[in-house]
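For reference, the structure is listed below as structure tokens.
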Amino acid sequence: MKNFKGKNILVYGMGISGQAACKLLHKKGACVSFYDEEDRFGNIFCYDKNPTATKYDLVVVSPGIKVLGNELLSHFARENVPVISELDLGYFFCKGQIVAITGTNGKTTVTSLVHRCVKESGRQSFACGNIGLPFTSVCEEGDKNTVFVVEVSNFQLELSSYFRGDIACVLNLAPDHIDRHGSFDEYLRVKKKILAQKGKQKVILNFDDNITRMLKLSKKTLYFSKNMLNRGVLVKNNGIFINKTKVISCNDIPLFGSKNLENALAATAICHKLKIKPKFIKAGISTFKAPPHRLEYLGKVQGADVFDDSKATNISSVIMAVEALENSRLVLLMGGQNKDCNFEEFFERGYNFEKLYCFGEAGEYLYNTAQRFGYQPQIFKTMKGCVSFVKAHLEEGQIILLSPGCASFDEFGSYAVRGQVFKEMMFDNYEKIEN
């Protein structure tokens, strides 16, 4: 499916992925229209106000479009109009080597780590996909030796039928985005689409994750683990090893916590399958700086250490952050817009927080759930109100952790904006973000 010249094609959804898809299709000679539910696009050229009245040869769907219960997608299904994802479209025109990385947590960090290690080895690399750079905007770049490190979200996989990575890595799997998919089983079904049922795909799985470990399709699967393995990528004598070859000392990994050790293991396993030498893997990892808002240490305020983990939008992310810090003086800030996650499994673990603060749309639910398990939380209508209170009551020796466990959309446009507001309020330069 590479000949789009003269074909009548609709791009559904005009986020950055949809815009990149439009540009690629136009370049290939297609007759491109687009549709988006947002009214602001209504007066733009090529906007189709009534896509059900037009006969299309193909529909390309952006990852931001919800599939479950979507009447427009149901219409195309009844009319037998082929529907593909933006990833599928990019896959048709990519000549390089594709590394596909998915999982509930850690995708962006692992994608960035692999990208850096590949560049250290001297090969051309693009970090794209869910990380922010659409696959379709770069898919035609480079040659067969170019590496495309694609962060793949479940939203992108939902309608993908053709996209496959030469190397596929599943980092971990835990309940997330149940509001989008309806059930954890459906979420898992979508995630598993990254794995090819046939062909020569190289698969990398997390041995320490019970669900991920069971996805093994062949004897050639490479596992990574924070514990000892007979073969694979593992931790031994405080270092990361590929089988018996030491790659890097754990002391040289500039990332905080056990979940980032897991991320470094995954990146090492992927790079091994890319045939990158250990010296380049070590160079890439040892000089790496974590992306913002992922258990990011911000510094001290009045003697308290402050961490921004705004990217933690599900329960498993919060668990990883709390267990990475392991401190009885931990002050946890959590809340936002719940994604139909059940937080009982978090509170029943019995973590010893010095203070627990709940905020936002999910604040009352979190407050009531925490109380049932013996906690004495405080509740705030907004994160801003919560942070103002925390800042006014800081004590030396505390560890302040923003790890919301929820989406940001009740108060902020993204987890990144939420994290930035938290940082600027805690460090007394909030006025510039307000203005």
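For clarity, every value in this text was computed on a predicted model and none was experimentally measured.
Note that OG of S125 and CD of E141 are 12.5 Å apart. Values are rounded to the nearest 0.5 Å. Interatomic distance, R116 CZ to S286 OG, rounded to the nearest 0.5 Å: 8.0 Å. Rounding to the nearest 0.5 Å places CD1 of I315 at 7.5 Å from CG of N338. Expressed to the nearest 0.5 Å, how far SG of C358 lies from NZ of K381 amounts to 16.0 Å. In this structure, CZ in R349 is found 12.0 Å from CZ in F373, a value given to the nearest 0.5 Å. Note: K311 NZ to S403 OG = 11.0 Å, rounded to the nearest 0.5 Å.
With Y375 as the fixed residue, the ring-ring contact (aromatic ring centres under 6.0 Å, His included) test singles out one of Y357, F347, Y351: F347. With respect to T212, the side-chain hydrogen bond (donor to acceptor under 3.5 Å, both in side chains) criterion is satisfied by exactly one of D209, D208, N210: D209. Across T109, L274, T268, I167, a single residue satisfies side chain to side chain contact (heavy atoms under 4.5 Å, CB included) together with V114, and that is L274.
Cation-pi geometry between R213 and F207 is met: the NZ or CZ atom falls under 6.0 Å from the ring centre, inside 45° of the normal.
Looking at N314, its side chain does come within 3.5 Å of a backbone N or O of S317 through a donor-acceptor pair. Put simply, the side chain of T382 gets close to the backbone of G385: a donor and an acceptor are under 3.5 Å apart. Side chain of N172 to main chain of T104: a donor-acceptor pair is present (N/O by atom type, distance under 3.5 Å, no hydrogens or angles). For the pair S225 (side chain) and N227 (backbone), a donor-acceptor distance under 3.5 Å is present. In this structure, S121 contributes its side chain and V118 its backbone to a donor-acceptor pair below 3.5 Å. Under the 3.5 Å distance criterion, the side-chain polar atoms of Q156 are matched with a main-chain donor or acceptor of S153.
In terms of heavy atoms, L325 sits closest to L401 at CD1-CD2, 3.8 Å. The shortest heavy-atom contact between Y365 and C341 is OH-O, 3.6 Å. Here the closest heavy-atom approach between residue L89 and residue A21 is recorded as CD2-CB, 3.8 Å. Nearest heavy-atom pair, A362 versus C406, reported as atom, atom and distance to 0.1 Å: CB-SG, 4.0 Å. Scanning both residues, L261 and C250, for their nearest heavy atoms gives CD1-SG, 4.0 Å. Listed here is the closest heavy atom pair of R164 and I194: CD-O, 4.4 Å.
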Handout entry: Full working for ring-ring contact (aromatic ring centres under 6.0 Å, His included) between F135 and Y91
Key = CA-CA 8 Å; F135 185 37; Y91 179 72; 7.8 Å; no
Problem - salt bridge (Lys or Arg N to Asp or Glu O under 4.0 Å) between E158 and K193, intermediate numbers included - result: CA-CA 8 Å; E158 205 166 3; K193 291 175 72 175; over 6 Å; no
Exercise for the section: Give the C-alpha distance, both sets of side-chain angles, the deciding distance and a yes or no for side chain to side chain donor-acceptor pair (under 3.5 Å) between S310 and D308. Expected result: CA-CA 6 Å; S310 181; D308 170 16; 4.6 Å; no
Problem - Check against side-chain contact (heavy atoms from CB on, under 4.5 Å), F92 and I84 - result: CA-CA 11 Å; F92 297 145; I84 65 172; 3.8 Å; yes
Practice task
Start with the C-alpha gap between L330 and I400, add the side-chain angles, then the distance that decides, and say whether side-chain contact (heavy atoms from CB on, under 4.5 Å) holds.
Solution key: CA-CA 6 Å; L330 187 62; I400 312 300; over 6 Å; no
Problem - Verdict with reasoning, K95 to K144, per side-chain contact (heavy atoms from CB on, under 4.5 Å) - result: CA-CA 5 Å; K95 298 176 183 177; K144 65 179 182 179; 5.5 Å; no
Exercise for the section: Could you check Q302 against E396 for side chain to side chain donor-acceptor pair (under 3.5 Å), going step by step and ending with a plain yes or no? Expected result: CA-CA 6 Å; Q302 299 174 29; E396 186 173 351; over 6 Å; no
Exercise for the section: Check the pair D410 / Q337 against side chain to side chain donor-acceptor pair (under 3.5 Å), numbers first and verdict last. Expected result: CA-CA 6 Å; D410 61 330; Q337 185 182 76; 6.0 Å; no
Handout entry: side-chain contact (heavy atoms from CB on, under 4.5 Å) assessment of M14 paired with C22
Key = CA-CA 9 Å; M14 280 300 282; C22 283; 3.9 Å; yes
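Side chains of E86 and V61 form no contact here, defined as non-hydrogen atoms less than 4.5 Å apart. A heavy-atom distance below 4.5 Å is not found between the side chains of V99 and D166. Put simply, the side chain of F280 does not reach to within 4.5 Å of the side chain of K119, judged on heavy atoms. F224 places a side-chain heavy atom less than 4.5 Å from the side chain of N206. Counting heavy atoms from C-beta on, the side chains of I204 and K273 come closer than 4.5 Å. Within the 4.5 Å cutoff, side-chain heavy atoms of T313 are placed close to those of K339. For the pair F163/V152, a side-chain contact is recorded, criterion being any heavy-atom separation below 4.5 Å from C-beta on. At a threshold of 4.5 Å between non-hydrogen side-chain atoms, the residues Y12 and V60 do not count as touching.
Judged as a ring-ring contact (aromatic ring centres under 6.0 Å, His included), the pairs with a partner in residues 283-315 (not counting sequence neighbours) are, in order, F256-F307, Y297-F307.
Checked for salt-bridge contact, K28 and E140 meet the test: a charged N lies under 4.0 Å from a carboxylate O. The existence of a salt bridge linking R329 and E395 is confirmed by a sub-4.0 Å separation between a basic side-chain nitrogen and an acidic carboxylate oxygen. The residues K391 and D428 are annotated as salt-bridged, a charged nitrogen and a carboxylate oxygen being separated by less than 4.0 angstrom. Between E262 and K226, at least one side-chain nitrogen of the basic residue sits less than 4.0 Å from a carboxylate oxygen of the acidic one, meeting the salt-bridge criterion. By the 4.0 Å N-to-carboxylate-O rule, E344 lies close enough to R372 to be salt-bridged with it.
N352 and S328 form no side-chain donor-acceptor contact under 3.5 Å, judged by distance and modelled atom types alone. Counted by atom type alone, Q371 and Q376 present zero donor-acceptor pairs between their side chains at under 3.5 Å. For R123 and T146, the side-chain atoms include no donor-acceptor pair closer than 3.5 Å.
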